[in-house]
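Remember, it's a predicted structure, so these values are computed and weren't measured experimentally.
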Amino acid sequence: MPLFEKIAMQKFTIHQGLVAPLDRENVDTDAIIPKQFLKSIKKTGFGANLFDEWRYLDRGEPGKPQSERQPNPDFVLNQPRYAGASILLARKNFGCGSSREHAPWALDQYGFRSIIAPSFADIFFNNSFKNGLLPIVLPESQVANLFDEVAACVGYQLSIDLERQVIVKPDGTELPFEVQGFRKYCLLNGLDDIGLTLRHIDKIKAYEANRLASKPWLAKTALAQQTKTFL
C-alpha cells in the first residue's frame, strides 16, 4: 500500500459559481488554515477548518467534531446567502504570511475554484496554480465594483472562462485577466507537478527496466534502502 495517495488535480476550463466577498486586506495563511491543523500527514481534510478562527467562536482543534463547534453568525461564509460559494472575492495581498501549501488545499477542499483579488502574496499565488486553484488579479477599482455588486444582489454569480481569460458578469460584461501560458496549460489539463511527470511514465519505466538489466545489483540495494527507511 503506498504511503502517499496521488490525488488527481481537477481541470479548470469554464466555471460558473456563486461569489462570496471576504472584505479584508492582508489575509494571511494562518487565518486561511490555522497552524494547529498542519499536523496531519495527509493532503485531505482541511476544508472543514478553512478560516477556522473566523468561522467559529470556539477554538478549533484537530479531530474536534464540527457538530460541537459554535459557528460565528457574522462571518461571511456562515451567512445562508453565500452557502455553496465557489468563487472568493478578496482584497489586496491575499495569502500573505507563512508559505504553507495547506492554504490552497483548504480553499480547494472547502469548494472554492477561484479567488479574485487586486494582489496576492507570491508563494500563495504559485501554490494555488500547483493545486488547481485559479487566482485572478484584477485592478483594485474592478474588485471594488464587484464587492458592491455582490452586496447588492443575492445569488450573485460569475462565469470564469480560462481558455478565453475573461470573467463574465451577470449582465454580460467581460473582465479580461492575465495568466502565464504554462500555468494556463496545466490548469486546463488538470496537471500538477506529478501529473506533468507521469505524462512520461512509459519512458520512465523503460529507463528503469534498462537500468536494472544493465546493473541488476541496484534492485537489491534499493530494497535494502527502503527497508532501512521504514525500520
Side-chain angles (χ1 to χ4, degrees), residues 7-29 32 47 50 76-77 82 84-96 99 101 103-153 155-199:
I7 301 174
M9 194 170 87
Q10 187 176 357
K11 293 180 181 181
F12 195 115
T13 52
I14 298 175
H15 175 74
Q16 181 170 340
L18 181 69
V19 182
L22 184 64
D23 198 0
R24 305 180 190 223
E25 296 181 353
N26 305 309
V27 173
D28 65 43
T29 53
I32 296 172
L50 175 69
V76 60
L77 296 186
Y82 300 119
S86 57
I87 299 173
L88 185 66
L89 186 63
R91 298 291 186 180
K92 63 183 180 181
N93 199 30
F94 186 88
C96 58
S99 57
E101 198 168 9
W105 293 352
L107 286 158
D108 173 70
Q109 290 163 24
Y110 181 85
F112 287 112
R113 298 302 323 279
S114 181
I115 304 166
I116 301 171
S119 61
F120 295 87
D122 287 343
I123 295 177
F124 174 85
F125 189 74
N126 293 331
N127 283 340
S128 294
F129 283 103
K130 290 178 179 291
N131 289 280
L133 190 65
L134 176 59
I136 296 176
V137 176
L138 290 182
E140 201 159 3
S141 59
Q142 289 185 358
V143 172
N145 287 337
L146 287 174
F147 268 100
D148 291 341
E149 292 175 14
V150 170
C153 179
Y156 188 91
Q157 295 192 11
L158 292 171
S159 179
I160 301 172
D161 187 332
L162 178 57
E163 181 65 50
R164 297 174 55 229
Q165 294 180 210
V166 293
I167 298 171
V168 184
K169 297 168 62 173
D171 64 1
T173 302
E174 295 187 349
L175 305 176
F177 61 89
E178 295 296 323
V179 60
Q180 193 267 342
F182 178 70
R183 288 169 169 163
K184 178 178 177 179
Y185 169 81
C186 290
L187 282 178
L188 286 172
N189 292 280
L191 296 171
D192 59 9
D193 288 348
I194 296 176
L196 285 166
T197 302
L198 291 178
R199 292 180 305 164

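The ring pair (Phe, Tyr, Trp, His ring centres under 6.0 Å) check on Phe120 picks up Phe125, with sequence neighbours excluded. Here Gln165 pairs with Lys184 under the side-chain hydrogen bond (donor to acceptor under 3.5 Å, both in side chains) rule; sequence neighbours left out. Residues that satisfy the side chain to side chain contact (heavy atoms under 4.5 Å, CB included) test with Asn93, not counting sequence neighbours, are Asn26, Cys96, Ser119, Ala121. For Glu101, there are no salt bridge (charged side-chain N to carboxylate O under 4.0 Å, His left out) partners, not counting sequence neighbours. Remark: Thr29 engages Ser98 in a side-chain hydrogen bond (donor to acceptor under 3.5 Å, both in side chains) (not counting sequence neighbours). Scored by the salt bridge (charged side-chain N to carboxylate O under 4.0 Å, His left out) test, Asp23 finds Arg91 as partners (sequence neighbours excluded). By the salt bridge (charged side-chain N to carboxylate O under 4.0 Å, His left out) test, Arg164 pairs with Asp161, Glu174, sequence neighbours left out. With sequence neighbours excluded, no residue forms a ring pair (Phe, Tyr, Trp, His ring centres under 6.0 Å) with Phe147. When the side chain to side chain contact (heavy atoms under 4.5 Å, CB included) test is applied to Pro118, the partners found at least two apart in sequence or on another chain are Lys92, Glu140, Val143.
Of the inter-residue distances, the one linking Asn127 atom CG with Leu133 atom CG reads 10.5 Å to the nearest 0.5 angstrom. From Leu187, atom CG reaches atom CD of Glu163 across 12.0 Å, with rounding to the nearest 0.5 Å. The distance from atom CG of Leu88 to atom CG of Leu50, rounded to the nearest 0.5 Å, is 8.0 Å. Rounded to the nearest 0.5 Å, atoms CD (Glu149) and CG (Leu89) are 10.0 Å apart. Note that CD1 of Ile87 and CD1 of Ile160 are 4.0 Å apart. Values are rounded to the nearest 0.5 Å. Taking CG of Leu134 as the reference point, atom CZ of Phe12 lies at 4.5 Å (rounded to 0.5 Å).
For the pair Pro135 and Ile116, the minimum side-chain heavy-atom distance is 4.5 Å or more. Residues Tyr82 and Val19 are not in side-chain contact: their nearest non-hydrogen atoms beyond the backbone lie 4.5 Å or more apart.
Environment of CD in Gln180: crowded, with over 12 heavy atoms of neighbouring residues, nucleotides or ligands closer than 6.0 Å. Counting heavy atoms of neighbouring residues, nucleotides and ligands inside a 6.0 Å radius, atom CG of Asn189 exceeds 12 of them.
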### Message
Leu175 vs Leu146, test: side chain to side chain contact (heavy atoms under 4.5 Å, CB included). Steps then yes/no.
### Response
CA-CA 11 Å; Leu175 305 176; Leu146 287 174; 4.3 Å; yes
### Query
Leu77 and Phe112: side chain to side chain contact (heavy atoms under 4.5 Å, CB included), yes or no, with the steps?
CA-CA 12 Å; Leu77 296 186; Phe112 287 112; 3.9 Å; yes
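Annotation: side-chain hydrogen bond (donor to acceptor under 3.5 Å, both in side chains) contacts involving residues 105-116, sequence neighbours excluded, comprise Trp105-Asn131. Pairs engaging residues 155-179 under the ring-ring contact (aromatic ring centres under 6.0 Å, His included) rule: none recorded [sequence neighbours left out]. Judged as a side-chain hydrogen bond (donor to acceptor under 3.5 Å, both in side chains), the pairs with a partner in residues 8-20 (not counting sequence neighbours) are, in order, His15-Ser86, Gln16-Gln157.
Heavy-atom minimum distance, Ile123 versus Ser99: CG2-CB, 3.4 Å.
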